[in-house]
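Worth knowing before you read on, the calculation uses all heavy atoms, side chains too, and leaves out hydrogens, waters and symmetry mates. Chain letters run A, B, ... following the sequence lines, proteins first, then strands; residues in each count from 1. Everything quoted here is computed from the prediction, not taken from an experiment.
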Amino acid sequence: MEIPKTFNPAEAEAKWYPYWMENGYFRSVPDEREPYTIVIPPPNVTGVLHMGHMLNNTIQDVLIRRARMLGKNACWVPGTDHASIATEAKVVAMLREKGIKKSDLSRDEFLNYAWEWKEKYGGIILDQLKKLGASCDWERTRFTMEDDLSEAVIDVFIDLYKKGYIYRGLRMVNWDPAGLTAVSDEEVIHKEVQSKLYHVRYVLVDKDEAFDANDRIALQNKIDKGETITIATVRPETILGDTAVCVHPDDPRYQHLKGKFAIIPMVNRRVPVIFDDYITMEFGTGCLKVTPAHDINDYNLGLKHGLEVIDTLNPNGTISEAAGFYIGEDRFVVRKKIAKDLDAMGLVVKIEDYVNKVGFSERTDAVIEPRLSLQWFVSMKDFSKPALDAVMNGEVKLIPEKFINTYKHWMDNVRDWCISRQLWWGQRIPAWYDNQGNFTVCKTKEEAFTSLQQKNAIVKVDEIFQDEDVLDTWFSSWLWPISVFDGFKDPNNKDINYYYPTNDLVTAPEILFFWVARMIIAGYEYRGKKPFNNVYLTGIVRDKQGRKMSKSLGNSPDPLDLIGKYGADGVRVGMLLSSPAGNDLLFDEGLCEQGRNFSNKIWNAFRLIKGWEVDDKITQPPSNLTAIRWFTAKLNDSIMEINDHYEKLRISDALMSMYKLIWDDFCAWYLELIKPAYQQPIDAKTYEATLQLLEQLLRIMHPFLPFISEEVWHLIRDRKKGDDLIIAQWPQAGASDKSLLHSFSTAAEIITEIRNFRQTKGVSPKETLELKYSTASGGDAIRDFKDSIIKLANLSSLEETKDKPSGTFPFVIKEFECYIPLSESVDKEAEKDRLEKELDYIQGFLKSVNAKLGNEKFVSNAKAEVVAVEQKKKSDAEARVKAIEVALSSL
RNA sequence: GGGGGCAUAGCUCAGCUGGUUCAGAGCAUCUGCCUUACAAGCAGAGGGUCCGCGGUUCGAACCCGUGUGCCCCCACCA
């Protein structure tokens, strides 16, 4: 049978994924074994797989596959998030295309469309994850808006309301005039923009002085007399909502204004001049116009000074009737118009260019307007305390640790969480109102009726209305680690008791507060336990120029295309090659190519082994036995190293150790050592040992490259049913053999030196060479690997010599003097030069070691091991000096 | 404005308790090879003031101070 030269990933992927599924290998149910649990960070149900998901889910799959092989009951729970804002936006857009306006639909009609959309297009991302090889327990797939999870959300809301953590309040919120909803602080992106700072005069009047702002002559008169005050603002359209003017109480310029009033232009409103040390005297004119409805500071000033609140904005960002002018026009249009109109009245003193920060909606990119509205909040101050403690005392570990500081800073300054959203897609807030302004929080209208009757005896059932708003999506996803196991519905069920707390959470640092912190809060509140042990924070996937990958930039490759091109294994390796936890990954397709090449390397190692003819009559050459012993020792070392990396969640380090073990040690050295001569058979013992070693490697490889490893696993032997790599046991590290490893590294150095000699002297690898050596030490290294050196360096002989042969090329490896006899004459001077340089180096080294050992402070202060190491260095260096001197004397 | 992080080879990063003349890996580069597993490969090689300066120490890439340059997060200066 001819095995193709290159590995065909698509075939293996199509074969093994369904096979694993059919055999139920991803399925997990509670049993006697130790559980290992990961809950997926649920992607938006509207989402399509992007590079961030690839990275994130590859890591999760690596962890879960290794845990499975370690014999744990591995459970990876998948699912999707209903993503209120994003999904509603998609549905609205879809309806618009059909010519349907959301405003023409009833809530129920709209939700019908939304569910229809969700069933049809939602969750394709989960199928995409399968292409990557994600070994989730698909039977456990959950959705944050399915009935059980929604019920949990409602119950939690009611519970927290009863506990006093949830309150309803008139608050300044970040209003998204495009999305027509309040958004949380975290969903606002502040950007620096070029603005204009308008300096505008307000006329000053005495308490009882009559004045008409629209009387041009009176106005001019005031201006001429200087009876005005100048404010500075970047949002002149809000002037119509001003209800005070504020200066600093200590500002000498404004002392005469006590008891005065200012006239708001156009609307002719008489507002007080108030004094507050909130004002920065140095900024602008030192005089602030106060608009309590449209600025958080102004709102606070308003509360303090009892100011009127005039809301001049409609929800969609147009000017409201309350403003009296420009009604229905967009705020940015009005900004220009009012500036012009005020200028015409002679009220604009100057307009400066000014750079300030403006908040934009993360979802719609609209300029956020601070707006007063009635919203629901979770009071966070005390509530979040356990979550801060858990991270600070290490009960929940953040990886990498550098995020602990950020986390602490945020938790120390935590603000109340606005959880209401003016949307329809989501869990509707279980609050009920009567027409008298009373409300109650409960599950059903019937309960609400009973409850409201106590406050308002005459209330009728059909006069009770449920809150129109839904809850923030995070208010459902913060329950995820509990709700996926039905821990609210049935708090004592088998699953939740078995799988919770979960082990590792893999997610992005951007949602450390949105999601991770809140899950920890919910975990302690509802289970009395943390939701997970470790939080592995991945970096952001960026393009080669370091830009964040985004749809709008078009710089993100389609992961499925990449899988088609390089194979799922190749892409998985590519994603992990350069992404230690917390570091951004500068993605380069070349990494996937490297991953694919690695798959191919494995494939060819398999082809080589598979191609050997096995002859059980040949006795095993001792050099093969040594090679097997050496590689076994190397393998054991590597397993320990890789396990250590995994325990510290250094995933890319684990990958790199495996990569080098297979490519360098196994392929480049081991297979070359045991490879029979052309068309010669191999002895049965070596063959069997090699298969066993390869099987160990396949196990180590499997979490990273599940497809090719499973494929090769089945190709190298006939397997009984159920003997599949995915559930094979993770290798146990046996004892290492340091002295054999050391001998081999000496042998390898000698081989490399001879190859180097060929390269520099232009001696073909096909031409045999002789090698003589002598050593003051025992010489085990060469004896152990004598045949191997002969084979890999293509020697005709390798002999120990007591002489210092002349007419040779001398070199020194460790304590060995080596000589390659030459037919042509040797350039003695050049060789002498080379050796002398080496001698200089090693003598310098020796000198520094001696200095160190001669230093009493070192010997007395340093640890005993360190001193012993220095002593060993000293004797090694001395042996080497001697060897070089001997070699030199041959010249 | 507040907080945090980073600076090591051309690139991406290791360097875990300060202890080798310690300066490392992968990729990229250069040289030679179509050698009978693999050119998606083999063999070999070059490449660095560990950001600058000062200090602590027997010993510093690592600890401390300082300067410079990048990055991120948070925040209400109109």
Donor-acceptor pair present, [X] side chain and [N] base, under 3.5 Å:
{"X": "A/K601", "N": "B/rC38", "answer": "yes"}
{"X": "A/R755", "N": "B/rA43", "answer": "no"}
{"X": "A/Q594", "N": "B/rA28", "answer": "no"}

Where the side chain of [X] is defined as all heavy atoms beyond and including C-beta, which of [options] is the nearest nucleotide?
{"X": "A/R607", "options": "B/rG44, B/rA78, B/rC38", "answer": "B/rC38"}
{"X": "A/H409", "options": "B/rG2, B/rU36, B/rA37", "answer": "B/rG2"}
{"X": "A/T406", "options": "B/rG26, B/rC73, B/rA40", "answer": "B/rC73"}

Base, sugar-phosphate or nothing for [X]? Non-hydrogen atoms, less than 4.0 Å.
{"X": "A/G611", "result": "nothing"}
{"X": "A/K873", "result": "base"}
{"X": "A/K660", "result": "sugar-phosphate"}
{"X": "A/L288", "result": "base"}

For nucleotides [N] and [M], find the distance between their [atom1] atoms and express it as a whole number of Å.
{"N": "B/rA25", "M": "B/rG46", "atom1": "P", "answer": "12 Å"}
{"N": "B/rG26", "M": "B/rU66", "atom1": "P", "answer": "39 Å"}
{"N": "B/rG65", "M": "B/rU56", "atom1": "P", "answer": "15 Å"}
{"N": "B/rG44", "M": "B/rA61", "atom1": "P", "answer": "31 Å"}

Nucleotide paired to [N] in any strand shown, Watson-Crick or G-U, under 3.5 Å:
{"N": "B/rA43", "result": "B/rU31"}
{"N": "B/rG48", "result": "none"}
{"N": "B/rU21", "result": "none"}
{"N": "B/rU68", "result": "B/rA7"}

- Item | A/D876 with A/K814: basic N within carboxylate O range, under 4.0 Å | no
- Message: Salt bridge or not between A/E672 and A/K791? Use side-chain N to carboxylate O under 4.0 Å.
- Response: no
- Upstream residue (5' side of RNA chain B) when A/I751 and A/Y841 are each assigned their closest nucleotide: A/Y841
Which whole-number value in Å describes the distance from [X] [atom1] to [N] [atom2]?
{"X": "A/N855", "N": "B/rG59", "atom1": "CG", "atom2": "C1'", "result": "8 Å"}
{"X": "A/W410", "N": "B/rG4", "atom1": "CH2", "atom2": "C1'", "result": "16 Å"}
{"X": "A/I642", "N": "B/rA14", "atom1": "CD1", "atom2": "C1'", "result": "16 Å"}

- Message: Check this one for me: any side-chain N or O of A/R758 less than 4.0 Å away from OP1 or OP2 of B/rA45?
- Response: no
- Do any side-chain nitrogens or oxygens of A/T752 fall under 4.0 Å of OP1 or OP2 in B/rG44?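 Yes, such a contact exists.
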- CG of A/L661 to CZ of A/F666: how many Å apart, nearest 0.5 Å? 9.0 Å
- Here the gap from A/W669 atom CH2 to A/F631 atom CZ, rounded to the nearest 0.5 Å, amounts to 13.5 Å
- A/R758 (side chain) donor-acceptor with A/E753 (main chain) under 3.5 angstrom: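 No, the answer is negative, given that no donor and acceptor are paired below the 3.5 Å cut-off.
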- Backbone N or O of A/N297 within a donor-acceptor pair of the A/D295 side chain at under 3.5 Å? yes
